[in-house]
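Worth saying up front: this structure is predicted, and the values here are computed from it rather than measured. Keep in mind that the numbers below use all heavy atoms, side chains included, and drop hydrogens, waters and symmetry copies.
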Amino acid sequence: FVAYRGQTELLGPLRKIELYEMGWNLKDGLRECLVAAAPYGGPIALLKGHYRRSPSARPQLEIYSSSGLPLASFPWKSGVVKQLGWTVSDDLLCVQEDGTVLVYDLWGGFKRHFSMGNEVSQSQVLETKIFHSPYGTGVAILTGALRFTLATNIDDIKLRRLPEVPGLQEAPSCWAVLTQDRQSKVLVANGSQLFILDNTACTPVTPPGLSPQASSIVHMCVSFSYKYLALLTDSGHVWMGTSNLKEKLSEVDTKIKTPPKQMAWCRRPKSQQPSAVVMWDGLLIVVGECKETIQYHLDDDSVLVPELDGVRIISGTHHELLQEVPGACEEIFKIASMAPGALLLEAHKEYEKESQKADEYLREIKEQSLLSEAVRQCVEAAGHEHEPETQKTLLRAASFGKCFLSNFPPEQFVSMCRDLRVLNAVRDYTVGIPLTHTQFKQMTVQVLIDRLVYRKLYPLAIEVCRYLKTPEYQGVSRVLKHWACYKVQQKEESDEVIAKAVSVKLADAAGISYSEIATKAYESGRTELAIKLLEFEPRSGEQVPLLLKMKKSPLALSKAIESGDTDLVYTVVMYLKNELNRGDFFMMLRNQPVALSLYKQFCKHQEQDTLKDLFNQDDDHEELGNFYVKASYKDQVAAWVRVHCQCTQNITSVNYFFLFSQTTEDEMRLLRFQRKLEEEKGEQLVGFSLHDTMTTLLSVGLHKHAEQLYKDFRVPDKRFWWLKLKALAEKEDWEELEKFGKTKKSPVGYLPFVEVCIKHHNKYEAKKYVSKVTPEQKVKAHLAVGDMEGAAEAAIERRNESEISTVLSRCSATTDHLLMERLNRAKATAVKK
């Protein structure tokens, strides 16, 4: 009921599109081959003669693109393979009989292997399934002991041994992996019984409405989204329903009771029509909602590959896509369709013929106000078509219809044109990625670019990025980085040629780290190339770690110093310290003054002994002297003896050390005095400075000893008087303070005596010293003791306007009225003069 031309064939509500005539040359087709094809138009792996066991006739593992172009081929030299499968990132998994899983890349390069556990290894693999879960790619294994072992993510192996199936005496007739509520479970059929195995339990389940004629379930399959389940019974009935087994969608009698080779769902997202495909030798049957089936004869051995929106059928000669006819395509291409899209398509055809019928069709659409819907249908249908000519026809019709709409948003049309150009490029025979538009939208542009990069299709990936205007760091720059990483692993060209090619190609690319490319070169055994590439890396922080890894320590240190980043220099220095012996380490630092200076700073705080060794090695007597002087405050007398010896040793040759020598002798005298006094009086003095020692002695009443220090060390008079003055006042020894003030004329004056007495709240003692204060300080002294009359007399006597003003500011208008008048008169007189 739908009119299609060319390579599209209708099978009732489904259509079969020929994707490719396969480019491989398989003598016996897919017979006797273990086959695995990745979804989303991914690669195909064939293991030919996998049943062979003799060393002289080994199986051959071959990898092809979806169009049959060879990607890799090599003889299989490992164990017996039970299953092949692809990961979500297009890596090939080969599950062996002993439970070992080998991982290969798209080009047949071995990446790694892992084991499914000792139990699997001992009891051997009976059957296995590779599935995709929300966590990644998983592997489920049925062992010879009839137990299931599951790993939901091969990148983070956590093996789960599922509960035992009751009454299971031989291999189950069929089983499948389900993903429900972000948990992977196994659905097992044992005769007519069904069980769901999860982490903790084995639960029996019954499909609603299953035909009573069935005595055994012989095959099952889960939809691509894990939402739906199809069961085939030994009576030939196909039961279709939800995977939680709560709802039945339909049941159809195929009238064939032999077990099929394969079964798969064929359902578009959001479709209301359940349909599954069952394949026997030479026969394909499509079952759906109605009781009738659609049969299609197969010429060769074939394999079904479930997809998001259909099923791919791969044979020895052809690669086809079987899918439900999309709604928009059905509306437009249905015979005698009056849908808006169909009318618009006819209008455009008539317009190209310059026929008046074009206007009639347009009027009919516009009268129903469905022109926007017609344009939308044509755009959507174009996305679902594989033939470029059909796409162009539909898009031209949509563009024609848009001309008669004033406010139609162009985004959908423009986006579809871009998407189709990209899809047509990757569907090309030489590329071999037959994506549908639905798959492309589900996959995203970013993943498609990753797939192209993984296949080393760098020019196409760059063109796609530029055409879709992907951000530089996600698009062109990222592709170029992958290209450069691949380029540096090529052995055919010299280091100079590759380094130049990489620098020229990447010159204008933003955000590329040359250190990552250099790392790849180093891992490939090309150290000199890695060093050349690091010269293009503008960030020293990225250069240095790799240079250290390559044992290029001098160069790493030079780069760190050039960067001006002290943290980076310290990182290199600490690395060298751990890697080199002490002598070589010091020698390297001597050639780098900046690094040596920073290391000395580090040693000052962390490793004092190392600092001394550095000064000794450099014969730096000045810094060595400084070191001993500073160390003395920790080591006390013993250190000072060393300082003295060191300084005396060098004093004849370096005049600078004369000061050290004198200072050392003075400090040693002070230390002897402190130790002697500490032993005699019990006061803790060792380690105190001269100032603190005298202060302590004065505070405890040892005045004679303090005066001895004052004389022996020629302490300035003013300094000693201040120290004694403060010490006596803090002790409140006023009698001793008075005697001290009378010993001789004070070198600091007598105002300090007044101030310390007032500070310690003794106005009576303070007044004793007011008369001794010099005339210049008399006003301040009288004010300090609160003698307003005396302050006024002194200010008037000196006729100093500033002092008179100061006294006035301290007077009270109520109590000092007469005094203020007198001061004001004196101030007026002073101003006149």
Side-chain angles (χ1 to χ4, degrees), residues 2-39 41-51 59-60 62-70 73 84 218-219 221 230 232 236 238 252 254-266 275-288 292-307 309-325 385-387 427-429 432-434 436:
V2 178
Y4 270 114
R5 293 180 182 176
Q7 295 177 315
T8 301
E9 180 182 349
L10 280 173
L11 299 173
L14 304 180
R15 65 178 182 179
K16 188 158 64 70
I17 303 167
E18 184 177 329
L19 300 175
Y20 304 109
E21 284 188 14
M22 298 304 281
W24 58 32
N25 184 19
L26 303 180
K27 184 179 178 181
D28 299 319
L30 299 180
R31 188 179 303 133
E32 298 182 353
C33 287
L34 201 56
V35 184
I44 305 167
L46 305 178
L47 186 62
K48 296 179 177 178
H50 62 95
Y51 55 87
Q60 187 77 7
E62 299 177 351
I63 301 174
Y64 296 90
S65 70
S66 286
S67 58
L69 296 181
S73 177
L84 298 176
V218 296
H219 214 292
C221 70
L232 177 64
V238 177
V252 179
T254 62
K255 296 181 173 54
I256 301 176
K257 297 183 180 181
T258 55
K261 288 179 62 178
Q262 208 174 346
M263 186 162 70
W265 276 83
C266 182
S275 56
V277 180
V278 192
M279 185 177 70
W280 287 267
D281 284 328
L283 180 64
L284 189 80
I285 291 183
V286 181
V287 295
E292 294 182 1
T293 61
I294 302 170
Q295 296 191 3
Y296 176 73
H297 290 281
L298 301 171
D299 297 328
D300 299 320
D301 290 314
S302 301
V303 174
L304 302 181
V305 184
E307 289 284 3
D309 55 348
V311 176
R312 284 190 288 142
I313 305 170
I314 302 172
S315 69
T317 55
H318 290 82
H319 190 164
E320 300 166 317
L321 173 66
L322 181 66
Q323 67 173 179
E324 184 183 332
V325 178
E385 292 299 321
H386 278 249
E387 282 298 313
R427 287 170 184 166
D428 185 80
Y429 182 83
I433 304 179
T436 64

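Interatomic distance, OG of S67 versus CD1 of I44, reported as 8.0 Å (0.5 Å rounding). Note that CD1 of I314 is 9.0 Å distant from OG of S302, once rounded to the nearest 0.5 Å. How far CD of E21 is from NE2 of H319: 13.5 Å, rounded to the nearest 0.5 Å. Between the NE2 atom of H297 and the CD1 atom of I285 there is a distance of 9.0 Å, given to the nearest 0.5 Å. To the nearest 0.5 Å, atom CZ of residue R31 and atom CG of residue L26 are 11.5 Å apart.
Listed here is the closest heavy atom pair of G316 and L30: N-CG, 4.2 Å. In terms of heavy-atom proximity, Y429 sits nearest to M22 at OH-C, 4.2 Å. The shortest heavy-atom contact between T254 and G236 is OG1-O, 2.6 Å. V252 and G288 make their closest contact through CG2-O, 3.1 Å (heavy atoms, listed as atom of the first residue, atom of the second, distance). Here the shortest heavy-atom pairing between L322 and C266 reads O-SG, 3.4 Å. Here the closest heavy-atom approach between residue K261 and residue H219 is recorded as O-NE2, 4.0 Å.
In this structure S315 satisfies the side chain to side chain donor-acceptor pair (under 3.5 Å) test with no other residue, sequence neighbours excluded. The ring pair (Phe, Tyr, Trp, His ring centres under 6.0 Å) search around Y64 returns W24, not counting sequence neighbours. Scored by the side chain to side chain donor-acceptor pair (under 3.5 Å) test, D428 finds T430 as partners (sequence neighbours excluded).
Residues L304 and I313 meet the side-chain proximity criterion, which asks for heavy atoms closer than 4.5 Å. Considering only heavy atoms from C-beta on, P434 stays 4.5 Å or farther from L321 through its side chain. Side-chain contact between Y20 and R427 is present, with at least one heavy-atom pair separated by less than 4.5 Å. No side-chain heavy atom of Q295 sits under 4.5 Å from any side-chain heavy atom of L284. The side-chain heavy atoms of E32 and K48, taken from C-beta on, include no pair separated by under 4.5 Å. You'll find the side chain of M279 stays beyond 4.5 Å of the side chain of M263, heavy atoms only. At least one side-chain heavy atom of D301 sits less than 4.5 Å from a side-chain heavy atom of D281. Side-chain contact between L19 and S66 is absent, with no heavy-atom pair separated by less than 4.5 Å.
In this structure a side-chain-to-backbone donor-acceptor pair under 3.5 Å is present from Q323 to D309. Here the side chain of T258 pairs no donor or acceptor atom with the backbone of I256 at under 3.5 angstrom.
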